[in-house]
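Atom set for the values below is all heavy atoms of this structure, side chains included, hydrogens, waters and symmetry mates excluded. Below, chain A is the first sequence line, B the second, and so on; all start at residue 1.
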There are 4 protein chains.
Amino acid sequence: MNKRQKQKQKTREKIVSCAKELFIQKGFLHTTTSEIAAAAGIAHGTLFLHFPAKESLILEIMDTVLEQIQAALQPVIAHAGNLDEIIRCYLDLIEQHEAIFSTKAREMPFYGDELRRKLLFRDAIIRGHFHTLFQQGIDDGIYRQVDIQTALTFFFGAIHYYLSLKQIFVVDGSVIGKFKDQIISTFNALITIPKTEES
Amino acid sequence: MNKRQKQKQKTREKIVSCAKELFIQKGFLHTTTSEIAAAAGIAHGTLFLHFPAKESLILEIMDTVLEQIQAALQPVIAHAGNLDEIIRCYLDLIEQHEAIFSTKAREMPFYGDELRRKLLFRDAIIRGHFHTLFQQGIDDGIYRQVDIQTALTFFFGAIHYYLSLKQIFVVDGSVIGKFKDQIISTFNALITIPKTEES
Amino acid sequence: MNKRQKQKQKTREKIVSCAKELFIQKGFLHTTTSEIAAAAGIAHGTLFLHFPAKESLILEIMDTVLEQIQAALQPVIAHAGNLDEIIRCYLDLIEQHEAIFSTKAREMPFYGDELRRKLLFRDAIIRGHFHTLFQQGIDDGIYRQVDIQTALTFFFGAIHYYLSLKQIFVVDGSVIGKFKDQIISTFNALITIPKTEES
Amino acid sequence: MNKRQKQKQKTREKIVSCAKELFIQKGFLHTTTSEIAAAAGIAHGTLFLHFPAKESLILEIMDTVLEQIQAALQPVIAHAGNLDEIIRCYLDLIEQHEAIFSTKAREMPFYGDELRRKLLFRDAIIRGHFHTLFQQGIDDGIYRQVDIQTALTFFFGAIHYYLSLKQIFVVDGSVIGKFKDQIISTFNALITIPKTEES
DNA sequence: CATGAATGAGTTTTCATTCAT
DNA sequence: CATGAATGAAAACTCATTCAT
């Protein structure tokens, strides 16, 4: 990469990090492109040299985060192969990136069709891993035989609910952090066949 | 009621029904007061004679629906006293009013503070009934001993998730209708202590 | 006057007193006819049975006040025939009705042509008396020989200035009350030929 | 200055001159931002690129005029140090800018607090110079020993009065021009100790 | 490559007056 | 006589995107 490309790359990263900060603070919908440009220290028009439209910014940001999460989840999925573990790991990751996930949960219905489709696709991949491990748990006689899709919707729906209404659950700090343990233990209690039942 | 009061009442109802129709089609946030007035066949200013502000319209509409639901739920709560029944009834009601509930689920984070608070308060009352019956079920040894709040968030979170992303689950028709049976049976399967386990 | 007429008269007075109160508080321009009707306990439309238009209300109110002032000034003009006395009396009266005069001073440029003309006509009559007495003072060798019209504009201009910008001179209470003594003594000092000069 | 900066400057000046023209014709309060944009030959939104709010326009316009006046007054204040001269100069300047000063005199009570404060502050500076020179005149035994503040309020109050009711004093042309000589000579006659009195 | 000036459609609410009841 | 529902014009400000410089 020559010097010019490096500079361009740096500018792009500056835009992304500033945009992310603003999206977290004010939401994607209520952040203006000039604010982002001003925060990144570039001209308003320059923003559009790096990103063809405002939506491509949120796509890039969410894509990066979702990739990180997938990457962080990968080893857990590969090795442990235990739903409980992956749930815990997933929630830790969501908590880490909660600010931007909260924005996404609230605003997704208002994004353009394509953007929304892409984001949901990323979600679906992660959900796929949960599905596989859930199925395994059922096959292994650990989990009850329930409709996995629906059971997972209970799980992800609750996460989505906490995130999208975060403001009413916590004043400051993390919703997921606050409810994580309860979510995990209750979800486990619901899907797991108790040891005592086996006897 | 004299003729003028009747006429006023009629105008008000016309506004409400047209507004509801538009809110369902385009969302509350993207419906303009002019559109509503035009649809209702009244002058733009007349709208504000009946409703002091745009938000009071959505409040009235949602309040009416939520009241209807509470009223319809009341006898089921009083007599049957069975969570399963109330869940079924609740979902039937949500399905009936699904269009407006979908709008509410999507947009609530963007409503003004007071409006949101009022809507959440209504939700909380209904949720309270679920809680009571869930507790009863646990006391009766029918349901597993889990954290009720969290378990209910799984349930309501899933409903919320289906409603807010309705557009990606169904093209036309009802999401709740589509998933109702799975929701009910899966939720039951998760919380109920199987008969065989008892032996 | 029969009973019906009496009732009508009473309603009219109620309207006037409520309107005056509101005009003082919020200004004529920012008081709405519905507010006045509500304050007077009558229907909005009823207001227009008593007063053909909003402006006729301010006219009536100002007319009454200006008449009162003229009436109160009359004996002073007739008997004493001394500018100093009439100035003092006039300022006392303005102070008494300062709230409504402040509104008038601020808003007059925005009144309709006819209303403004009528109000200015009333002012002119009072000013006429000042003129006469000023002239007498000059003839008597008490006051300097200056252009009376302009000298009076200094006086009335200052009053007008204090009234129209009342809000910046006093927080609560009377501007005229605050500056009355200075106005009188300074105006006197300016127009009076000092005793010592005569010798 | 490069071409773009020049173009921007030109647009800004066009806005200011058109706005000033309109403010003079119809008053600031009754001129709309659309009208200004149309008159300046720019898009409505462009106006807000140059001025964040309508009030900032009147502020800029009045500031420029008041600065010009202060600048024009400066040498007179510095050198001559004579109240009579500064009065004459001041009235000439007011006459020059009479149209906009008339609007200001009429509308100031209705401007936002901050704008009004700023305008009054400018006025106060100029008044300060009058005060100084008046005091000097008293010290030099030229002017009578009167309360300067009040005497100046007679002067400025009269100017304000003529300006705010300009429409009733002249049909076309300048009020200040019409009454300037009388104002000056009368004010002088009132404050000056006659030569004959000294003997 | 970067800049930043220009675009222009879009929306809630107010209020004096009228007239059918 | 009194009522009060209906009228409808009017106005400031935002912001993603473009394109001449």
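Here Phe51(D) pairs with nothing under the ring pair (Phe, Tyr, Trp, His ring centres under 6.0 Å) rule; sequence neighbours left out. Applying the side-chain hydrogen bond (donor to acceptor under 3.5 Å, both in side chains) criterion to Ser102(D), with sequence neighbours excluded, gives Arg106(D). Partners of Lys54(D) according to the side chain to side chain contact (heavy atoms under 4.5 Å, CB included) rule, which considers only residues two or more places apart in sequence or in another chain, are Phe28(D), Thr33(D). In this structure, the salt bridge (charged side-chain N to carboxylate O under 4.0 Å, His left out) partners of Lys104(A), at least two apart in sequence or on a different chain, are Asp123(A). Remark: Arg116(B) engages Asp113(B) in a side-chain hydrogen bond (donor to acceptor under 3.5 Å, both in side chains) (not counting sequence neighbours).
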Below 3.5 Å, can you tabulate the donor-acceptor pairs from side chains in residues 36-43 of chain D to any protein atom, sequence neighbours excluded?
none

Using Watson-Crick and G-U wobble pairs whose two distances are both under 3.5 Å, how do you write the pairing of DNA chain F as dot-bracket, with | for links to another strand? .||||||||||||||||||||

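When DNA chain E is scanned in the 5' to 3' direction for atoms under 4.0 Å from non-hydrogen atoms of chain C, the outermost contacting nucleotides are dC15(E) to dT18(E).
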Test Arg122(D) against Met62(D) for side-chain contact (heavy atoms from CB on, under 4.5 Å), laying out the working first. CA-CA 10 Å; Arg122(D) 288 277 191 191; Met62(D) 287 309 311; over 6 Å; no

Residue pair Ser56(A), Glu60(A): steps toward the side-chain contact (heavy atoms from CB on, under 4.5 Å) verdict: CA-CA 6 Å; Ser56(A) 55; Glu60(A) 163 123 356; over 6 Å; no

After noting the C-alpha distance and the side-chain angles of Glu55(D) and Glu114(D), does the key distance pass the side-chain contact (heavy atoms from CB on, under 4.5 Å) rule? CA-CA 10 Å; Glu55(D) 285 219 332; Glu114(D) 204 192 324; 5.9 Å; no

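Mapping Leu49(A) and Arg4(B) onto DNA chain E via the closest heavy atom, the residue that lands nearer the 5' end is Leu49(A).
Exactly one residue among Ile15(A), Leu22(A), Thr31(A) makes a side-chain contact (heavy atoms from CB on, under 4.5 Å) with Leu57(A). That residue is Ile15(A).
For the segment residues 51-58 of chain D, the set of residues with a heavy atom within less than 4.0 Å of an atom of DNA chain F comprises Ala53(D), Lys54(D), in numerical order. A heavy-atom distance below 4.0 Å to DNA chain F is reached by these residues of residues 33-48 of chain B, ordered by number: Ile42(B), Ala43(B), Gly45(B), Thr46(B). Contacts between residues 13-30 of chain C and DNA chain E, counted as heavy-atom distances below 4.0 Å, involve no residue at all.
Ring-plane geometry between Phe101(B) and His97(B) is classed as perpendicular, the angle between the planes exceeding 60 degrees on a 0 to 90 degree scale with a lower cut at 30.
You'll find the side chain of Met108(B) stays beyond 4.5 Å of the side chain of Ser164(B), heavy atoms only. Side-chain contact between Leu165(A) and Leu120(B): present, with at least one pair of heavy atoms (C-beta onward) separated by less than 4.5 Å.
Residue Thr31(C) is classed as a sugar-phosphate contact, given heavy-atom separations below 4.0 Å to backbone atoms only.
Evaluation of the salt bridge (Lys or Arg N to Asp or Glu O under 4.0 Å) test over residues 19-40 of chain B, restricted to residues two or more places apart or in two chains, returns Lys26(B)-Glu35(B).
Looking at Gln5(D) and Gln9(D), their side chains never bring a donor and an acceptor atom within 3.5 Å of each other.
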